[in-house]
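Before any comments, here is the structure.
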Amino acid sequence: MTNLHAHGEVPVTDGELVAEASAQVAGAVSLDALAVVEGELLGRKSPLAARQKTLGALDPDARREAGQELQAVRGQIEALVAARRAVLEETAYAERLAADRLDLTEVLEGDPPWRGHLHLVQRTRDELEDVFAGMGFAVAEGPEVETDWYNFEALNMPPAHPARGMWDTLYLNLGEPETVVLRTHTSPVQIRLMQSQAPPVYAVMPGRCYRRDTPDARHIPTFNQIEGLVVDRGISFADLAGTIETFTTAYFGAGIHSRLRPSYFPFTEPSAEYEITCTICGGAGCRTCSHTGWIELGGCGMVDPAVFAAVGLDDETWSGFAFGFGIDRCAQMRHEIPDMRVLLENDVRLLRQI
Ligand code: PHE
């Protein structure tokens with residue numbers, strides 16, 4: 001170790017310089033403090049810089065040697081600073097993480113902690129299935145991605161049929177253009193069911209549907225329907241009306257009734273709109289029901305002969321009815337939810353209430 005410069009308080013040897021620097025670096029407890037220490041050790045007013053200045057007085061050989069040593073010392077101190085900085089950055093990062101931590105198991109209120117429950121739409125679907133199971137219906141499901149044939153054509157809507165405009169369809173970029181769709185209703189499951197089993201059929205078919213709707217208080221582009229299908233001998237419109245009324249009182253309660261209003265669907269004839277007593281005002285008339293006392297829940301009707309033809313059933317032997325309505329709408333009505341969009345937003349403050 002060379003004694004380059006030995007006076008004042010400047011550390012004398014390389015070893016002393018590095019040892020002192022090491023102590024100072026270790027004493028820096030934050031990144032800011034380390035930056036200050038770094039300036040003191042390596043900056044223009046550092047002992048190192050002071051020693052650098054003395055080099056000029058040496059003869060060339062000694063200067064080169066001393067210069068190299070000084071450079072080595074600088075390198076060691078820089079390495080100490082860098083190592084300390086890495087440690088402090090790690091700590092700072094860990095502290096930031098700890099501060100930002102979101103405790104998803106947080107107990108919002110109450111004891112024992114809230115463990116969550118099924119989403120309202122799922123519970124509504126389960127309850128609807130239960131009611132229909134109690135009435136002797138089986139439960140079936142179909143795919144959410146459908147071909148044009150199942151979603152439209154087999155339901156008596158040939159290509160370019162104007163009734164297709166009743167559904168704002170989302171097409172998938174699969175196969176030929178406009179041949180694969182996100183199903184706009186659960187009615188295609190009627191077709192699949194009649195293809196897969198011989199009558200009699202008594203079934204409900206719940207599931208998710210998609211329409212190119214702009215979300216508002218009563219429409220969401222992803223929603224749930226429950227379809228019903230009965231195919232048997234001698235089924236009449238009275239069976240349809242009775243089934244709807246039985247279901248309505250079973251699900252909504254004794255004070256809520258149903259009524260059918262003439263309507264049009266390509267796959268049922270005659271067709272009707274299915275309405276229930278407004279659950280908000282009990283039928284007296286309010287803003288929600290536009291002062292009619294009734295709320296529309298879905299559509300229904302007698303299976304059209306063209307639909308039987310599409311699945312190869314003889315409409316002289318078989319008759320039937322179908323209905324379809326919104327599960328989300330049922331939940332909205334029974335729980336008096338003013339805006340349907342909350343069902344998709346997943347705000348835990350709301351979800352734990354419903
Ligand atoms: N699929 C129709 C709709 O989504 C409802 C419906 C189902 C109508 C069954 C008649 C029979 O609007």
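Note that ligands are numbered from 1 as they come in the structure, with each ligand's atoms numbered from 1 the same way.
Ligand 1 has at least one atom lying under 4.0 Å from a heavy atom of Cys300. Note on ligand 1: Arg211 sits in its first shell, one or more heavy atoms being nearer than 4.0 Å.
Taking the six-membered ring where tryptophan is involved, the planes of Phe132 and Phe325 are tilted, since the angle between them lies from 30° to 60°.
Close contacts of ligand 1 with Phe267, meaning ligand atoms under 4.0 Å from a residue heavy atom, involve 1 (N), 2 (C), 6 (C), 7 (C), 8 (C), 9 (C), 10 (C), 11 (C). Those atoms of ligand 1 with a heavy atom of Gln225 less than 4.0 angstrom away are 3 (C), 4 (O).
At under 3.5 Å, not a single nitrogen or oxygen of Glu227, backbone or side chain, sits near a nitrogen or oxygen of ligand 1. For ligand 1, the polar-atom distance check finds an N/O of His185 within less than 3.5 Å of one of the ligand's N/O atoms.
If you take OG1 on Thr279 and CD1 on Ile295, they are separated by 6.5 Å, rounding to the nearest 0.5 Å. Remark: Glu296 CD to Ser263 OG distance equals 7.0 Å, nearest 0.5 Å.
Ser271 places no side-chain N or O within 3.5 Å of a backbone atom of Gly301 that could act as its donor or acceptor partner.
Side-chain contact between Arg233 and Trp318 is present, with at least one heavy-atom pair separated by less than 4.5 Å.
Atom 8 (C) of ligand 1 has Gly299 C, 3.4 Å as its closest protein atom, hydrogens excluded (heavy atom only). When only non-hydrogen protein atoms are considered, atom 5 (C) of ligand 1 lies nearest to Gly324 O, 4.0 Å.
A cation-pi arrangement is present between Arg192 and Tyr150, with the terminal nitrogen or guanidinium carbon under 6.0 Å from the aromatic centre and inside a 45° cone about the axis.
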